[in-house]
Amino acid sequence: MAVDHVVIFQFKPEASAQAVKQCCDEMLGLKEQCLLASTGKPYIVRSKGGKDVSIEGLQNGFTHIFVVEFDSVADRDFYVKEDKAHHAFVGKWITSADSIVSKALVMDFAPGSFE
């Protein structure tokens with residue numbers, strides 16, 4: 001079963017445009033950096049993202065969104081629980097004391113599954 005991993009960021013007001021761009025570039029770069037331990041090969045099927053352009057006004061301060069696609073729950077689980085590149089990204093940009101991300105929202109779904 002395929003899984004889509006959705007990540008949405010709200011950046012701190014003092015975050016520079018350059019730092020935001022670097023964070024976003026590194027988020028998208030995880031597609032090449034994340035390797036399965038068993039094969040040593042990339043396992044993220046697709047990764048895309050960008051700055052919000054919605055006209056509905058329901059963003060609640062979130063500005064950047066990413067969708068990371070995995071072929072299986074096992075691949076998503078490896079990414080979240082074990083992948084060193086992913087953990088380094090989270091440590092650098094989200095959980096560090098000097099992080100530029102003020103809030104992150106993460107949700108996963110299996111396309112077409114509503115139960």
Side-chain angles (χ1 to χ4, degrees):
M1 169 178 54
V3 175
D4 287 354
H5 180 75
V6 179
V7 180
I8 308 172
F9 292 144
Q10 179 182 82
F11 290 99
K12 293 178 180 175
E14 65 271 16
S16 70
Q18 180 180 353
V20 170
K21 181 177 182 341
Q22 183 180 352
C23 176
C24 293
D25 288 346
E26 289 184 23
M27 176 70 190
L28 292 173
L30 289 173
K31 183 178 185 305
E32 288 79 34
Q33 292 181 3
C34 291
L35 309 174
L36 272 180
S38 59
T39 65
K41 295 183 180 180
Y43 61 95
I44 293 173
V45 176
R46 256 180 302 287
S47 182
K48 58 187 173 181
K51 188 172 181 183
D52 172 66
V53 294
S54 175
I55 61 170
E56 295 181 277
L58 300 173
Q59 299 86 341
N60 295 309
F62 289 94
T63 58
H64 293 71
I65 186 167
F66 302 87
V67 179
V68 181
E69 297 177 27
F70 300 98
D71 274 337
S72 68
V73 171
D75 286 352
R76 185 276 320 267
D77 289 355
F78 178 80
Y79 177 79
V80 172
K81 296 177 182 179
E82 300 179 48
D83 194 287
K84 290 177 179 28
H86 175 248
H87 286 191
F89 175 85
V90 171
K92 177 179 180 179
W93 294 107
I94 300 170
T95 61
S96 70
D98 60 346
S99 169
I100 64 167
V101 174
S102 60
K103 289 184 186 177
L105 176 64
V106 179
M107 295 181 72
D108 298 343
F109 68 96
S113 177
F114 298 98
E115 295 183 19

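Worth saying up front: this structure is predicted, and the values here are computed from it rather than measured.
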Heavy-atom neighbours of Lys12 NZ exceed 12 at 6.0 Å: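 Result for NZ/Lys12: enclosed.
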Within a 6.0 Å radius of atom CD on Glu14, are there more than 12 heavy atoms belonging to other residues, nucleotides or ligands?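 More than 12 within 6.0 Å, yes.
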Looking only at non-hydrogen atoms, find the nearest pair between [X] and [Y] and report the distance.
| X | Y | result |
| --- | --- | --- |
| Ser54 | Glu56 | OG-N, 3.1 Å |
| Asp83 | Ala85 | OD1-N, 2.9 Å |
| Glu26 | Lys92 | OE2-NZ, 3.0 Å |

I'd like to check [X] versus [Y] (side-chain heavy atoms, cut-off strictly below 4.5 Å). Are they in contact?
| X | Y | answer |
| --- | --- | --- |
| Ile100 | Val20 | yes |
| Asp71 | Tyr43 | no |
| Lys103 | Asn60 | no |
| Lys48 | Glu69 | yes |
| Met27 | Val68 | yes |

[X] side, atom [atom1]; [Y] side, atom [atom2] - distance, nearest 0.5 Å:
| X | Y | atom1 | atom2 | result |
| --- | --- | --- | --- | --- |
| Cys24 | Ile65 | SG | CD1 | 11.5 Å |
| Gln10 | Asp52 | CD | CG | 12.0 Å |
| Lys81 | His86 | NZ | NE2 | 13.0 Å |

Throw together a table of side-chain donor-acceptor distances under 3.5 angstrom for residues 32-42, partners on residues two or more places apart or in other chains.
unit_1, atom_1, unit_2, atom_2, d
Thr39, OG1, Lys41, N, 3.1

Apply the hydrophobic cluster definition, ILVMFWY joined by side-chain contacts under 4.5 Å directly or through others, and give me every member besides Val3.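 Traced through the cluster, Val3 reaches Met1, Val73.
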Through direct or indirect side-chain contacts below 4.5 angstrom among Ile, Leu, Val, Met, Phe, Trp and Tyr, which residues connect to Val45?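 None; Val45 is a cluster of one.
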Give the cluster check for [X] versus [Y]: same hydrophobic cluster or not, with ILVMFWY residues linked at side-chain heavy-atom distances below 4.5 Å.
| X | Y | value |
| --- | --- | --- |
| Val106 | Phe109 | no |
| Leu28 | Trp93 | yes |
| Val90 | Ile8 | no |
| Val80 | Val6 | no |

If the plane angle is over 60° it's perpendicular, under 30° parallel, otherwise tilted; pick one for Phe11 and Phe9.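 Perpendicular.
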According to the interplanar angle, ranging from 0 to 90°, do the rings of Phe70 and Tyr79 count as parallel (below 30°), tilted (30 to 60°) or perpendicular (above 60°)?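 It falls in the tilted class, 30° to 60°.
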Can you list everything that forms a salt bridge (charged side-chain N to carboxylate O under 4.0 Å, His left out) with [X]? Sequence neighbours excluded, please.
| X | answer |
| --- | --- |
| Asp98 | none |
| Lys21 | Asp25 |
| Asp108 | Arg76 |

